[in-house]
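A short worksheet on the structure shown next.
Heavy atoms only: backbone and side chains are in, while hydrogens, waters and symmetry mates are out.
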There are 2 protein chains.
Amino acid sequence: MTPEDISHTLEKDILGGTLAPGSVLPQGALAARFGVSRIPVRDALARLASAGLVELAPNRRARVVQMTRDEVIEAYDLRLLLETDLFARALKRMTPQDLDRIDYALARSDLEARNANWAEGDALFHAALYAPAQRSRQQAMIDGLRRACRVQIASYAILPEDTDRWLADHAALRDLCRAGQTTAAAERLRAHLTGARDTLLSHLT
Amino acid sequence: MTPEDISHTLEKDILGGTLAPGSVLPQGALAARFGVSRIPVRDALARLASAGLVELAPNRRARVVQMTRDEVIEAYDLRLLLETDLFARALKRMTPQDLDRIDYALARSDLEARNANWAEGDALFHAALYAPAQRSRQQAMIDGLRRACRVQIASYAILPEDTDRWLADHAALRDLCRAGQTTAAAERLRAHLTGARDTLLSHLT
DNA sequence: GGGTGTAAAAGTGTATACAGATATACAGAA
DNA sequence: TTCTGTATATCTGTATACACTTTTACACCC
């Protein structure tokens with residue numbers, strides 16, 4: 001059990017909803033759970049903190065982040081800004097191979113969605129969508145925001161109709177990429193994200 | 001000497017040019033320097049890594065980040081995207097008090113610039129410029145990018161003419177804010193950033 | 001009941017020690 | 001000289017121990 005393993009496992013717990021926003025994460029308990037001392041646990045918590053999944057304060061126990069309504073709005077605004085920009089860059093450089101990879105990612109995400117593992121597939125599809133842009137830093141920022149948003153979503157049961165809409169959006173995005181309709185594709189992505197934001201916000205109050 | 005103190009001190013060294021990009025940072029040496037054990041040093045290095053100032057790899061010594069040309073371009077593209085957006089949001093909500101604070105920051109940055117501490121003043125001025133938007137996450141992202149860029153700049157001697165152009169840009173931005181000329185202000189910010197990028201790129205090869 | 005002070009319990013931060021991995025220096029071969 | 005293999009020195013990762021801080025629980029007073 002390395003710190004990386006520990007942080008990955010905890011990330012799954014957080015994003016899977018086992019650890020709800022606001023939960024406390026005592027180092028000692030985690031150390032016992034993973035069969036290590038507190039040192040690698042501290043390391044793992046530091047990783048999660050820099051990924052934006054937990055909050056650390058001196059002499060305080062770590063907590064799973066809990067975003068306010070305004071913070072959720074800001075996060076989605078940032079995703080809109082960064083993802084539409086990255087998508088536009090990707091579209092300009094998209095090769096037939098990239099399109100095939102997007103097809104593959106779409107098929108996989110479709111599979112995962114029925115397997116109660118929708119978010120994994122979502123991240124995979126969008127990663128494939130943006131990969132042609134070859135912008136690792138921007139991609140990393142987007143991943144961070146995506147994870148932060150997902151922590152908030154994880155505590156709610158996702159409705160099947162949401163999943164359907166979401167899969168339809170992905171399929172539409174794929175089609176628009178293939179057809180080379182860049183402005184329509186960008187618009188669809190924008191709608192996809194604002195839709196996701198609004199369903200999350202409707203659950204928050 | 002807390003981990004936070006240590007990371008701040010190291011950050012100053014890195015951004016001040018004492019620790020050039022690529023320098024190694026052995027935990028033991030730092031522990032001796034700061035009079036603590038290696039544990040808080042590891043903590044400080046983790047902070048710097050999450051701020052994007054050093055690179056950490058398992059069982060390897062920490063290194064000050066060294067960006068490639070493409071990474072510099074990507075970083076400035078991201079700053080352009082995030083800073084122009086944040087500036088536009090700030091302009092919409094700018095009050096007379098905010099304008100006074102910007103005046104104050106401009107005066108201070110003018111002072112710091114003559115004191116060989118230009119970057120501190122630069123960060124201060126831009127923070128004042130964006131503060132009315134009240135977007136902590138976006139501001140944090142921008143700060144991270146700004147620091148990452150500055151690490152690369154730190155190793156070069158800044159020409160006085162650059163500082164002059166840079167101060168003139170700031171003054172112009174302030175004036176455009178006061179005059180309420182939002183589109184011209186946004187355009188000036190864009191020029192300010194692309195100018196900074198190009199001088200950095202000209203030094204890189 | 002509701003607030004307040006205090007002591008025990010639980011938790012965090014860090015020094016020390018040691019095992020394992022990496023980097024360095026140097027001798028010998030091409 | 002330049003490359004390669006190897007022994008040594010250095011460095012990192014983590015368990016343990018202990019001091020200090022925060023949290024919790026409970027008795028007390030209003």
Side-chain angles (χ1 to χ4, degrees), chain A residues 1-14 17-68 140 148 151 155, chain B residues 1-14 17-68 140 148 151 155:
Chain A
M1 270 296 170
T2 69
E4 205 176 339
D5 295 334
I6 295 170
S7 68
H8 283 342
T9 306
L10 289 175
E11 183 174 331
K12 274 184 196 143
D13 287 350
I14 294 170
T18 311
L19 287 168
S23 312
V24 293
L25 299 167
Q27 297 172 7
L30 296 177
R33 169 177 170 192
F34 293 106
V36 294
S37 80
R38 277 170 43 228
I39 304 279
V41 168
R42 287 171 64 82
D43 203 343
L45 288 174
R47 281 163 193 260
L48 290 172
S50 93
L53 292 180
V54 307
E55 288 170 337
L56 289 176
N59 287 310
R60 298 265 148 74
R61 291 173 292 182
R63 276 180 185 277
V64 178
V65 286
Q66 197 160 23
M67 285 165 92
T68 66
V151 176
S155 40
Chain B
M1 270 294 169
T2 69
E4 205 176 340
D5 295 334
I6 296 170
S7 67
H8 283 342
T9 307
L10 289 175
E11 183 174 331
K12 272 183 197 144
D13 287 351
I14 294 170
T18 311
L19 287 167
S23 311
V24 293
L25 300 166
Q27 297 172 6
L30 296 176
R33 169 177 169 192
F34 292 107
V36 295
S37 79
R38 278 171 42 231
I39 303 278
V41 169
R42 287 171 63 82
D43 204 342
L45 288 174
R47 281 162 193 261
L48 291 172
S50 92
L53 293 180
V54 308
E55 288 171 336
L56 289 177
N59 288 310
R60 296 262 151 74
R61 290 174 294 181
R63 275 179 185 279
V64 178
V65 286
Q66 198 157 24
M67 284 165 92
T68 66
V151 176
S155 41

Working to the nearest 0.5 Å, report the span between [atom1] of [X] and [atom2] of [Y].
X: B:Ile39; Y: B:Gln27; atom1: CD1; atom2: CD; answer: 8.5 Å
X: A:Leu53; Y: A:Leu10; atom1: CG; atom2: CG; answer: 9.5 Å
X: A:Leu25; Y: A:Leu48; atom1: CG; atom2: CG; answer: 8.0 Å
X: A:Leu45; Y: A:Arg38; atom1: CG; atom2: CZ; answer: 10.5 Å

Fill in: SB check B:Arg33 B:Asp13 (cutoff 4.0 Å)
yes

Just compare [options] and give me whichever is closest to any side-chain atom of [X].
X: A:Arg38; options: C:dG11, D:dT14, D:dC18; answer: D:dC18
X: B:Asn59; options: C:dT14, C:dT22, C:dT12; answer: C:dT22
X: B:Pro40; options: D:dT16, C:dT12, C:dA15; answer: C:dA15

Practice prompt. Output yes when at least one side-chain N/O atom of B:Gln27 is less than 4.0 Å from OP1 or OP2 of D:dT10, else no.
Written response: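 For B:Gln27, the contact criterion (side-chain N or O under 4.0 Å from OP1 or OP2 of D:dT10) is not met.
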
Worksheet entry | A:Arg61 side chain near C:dG13 phosphate (N/O to OP1/OP2, under 4.0 Å) |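 No.
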
Rounded to whole Å, how long is the line connecting atom [atom1] of [X] with atom [atom2] of [N]?
X: B:Leu56; N: C:dT22; atom1: CG; atom2: P; value: 15 Å
X: B:Leu30; N: D:dT12; atom1: CG; atom2: P; value: 9 Å
X: B:Met1; N: C:dG13; atom1: CE; atom2: C1'; value: 17 Å
X: B:Arg63; N: C:dT22; atom1: CZ; atom2: P; value: 14 Å
X: A:Leu25; N: C:dA10; atom1: CG; atom2: P; value: 18 Å
X: B:Phe34; N: C:dA15; atom1: CZ; atom2: C1'; value: 18 Å

Practice prompt. Would you mind classifying the nucleic acid contact of A:Arg60 as base, sugar-phosphate or nothing, using non-hydrogen atoms under 4.0 angstrom?
Written response: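 A:Arg60: backbone/sugar contact only, no base atoms under 4.0 Å.
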
Item to complete: Under 4.0 Å between any heavy atoms, over every strand shown, what does A:Arg42 touch: base, sugar-phosphate, or nothing? Just pick one.
Response: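 Base contact.
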
Discussion item. With a 3.5 Å distance limit and no angle check, can you tell me whether A:Arg63 reaches the backbone of A:Gly22 through a side-chain donor-acceptor pair?
Written reply: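 Judged by distance alone, yes, a pair lies under 3.5 Å.
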
Worksheet item: If you take all heavy atoms of A:Arg47 and A:Pro3, which pair is closest and at what distance?
Response: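 What the structure gives for the nearest pair is NE-CB, 4.1 Å.
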
Fill in: Estimated bend of the helix from C:dG1-D:dC30 to C:dA30-D:dT1 (axis per five terminal pairs, rounded to 10 degrees)
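Comparing the first five pairs with the last five, the axes sit 30° apart.
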
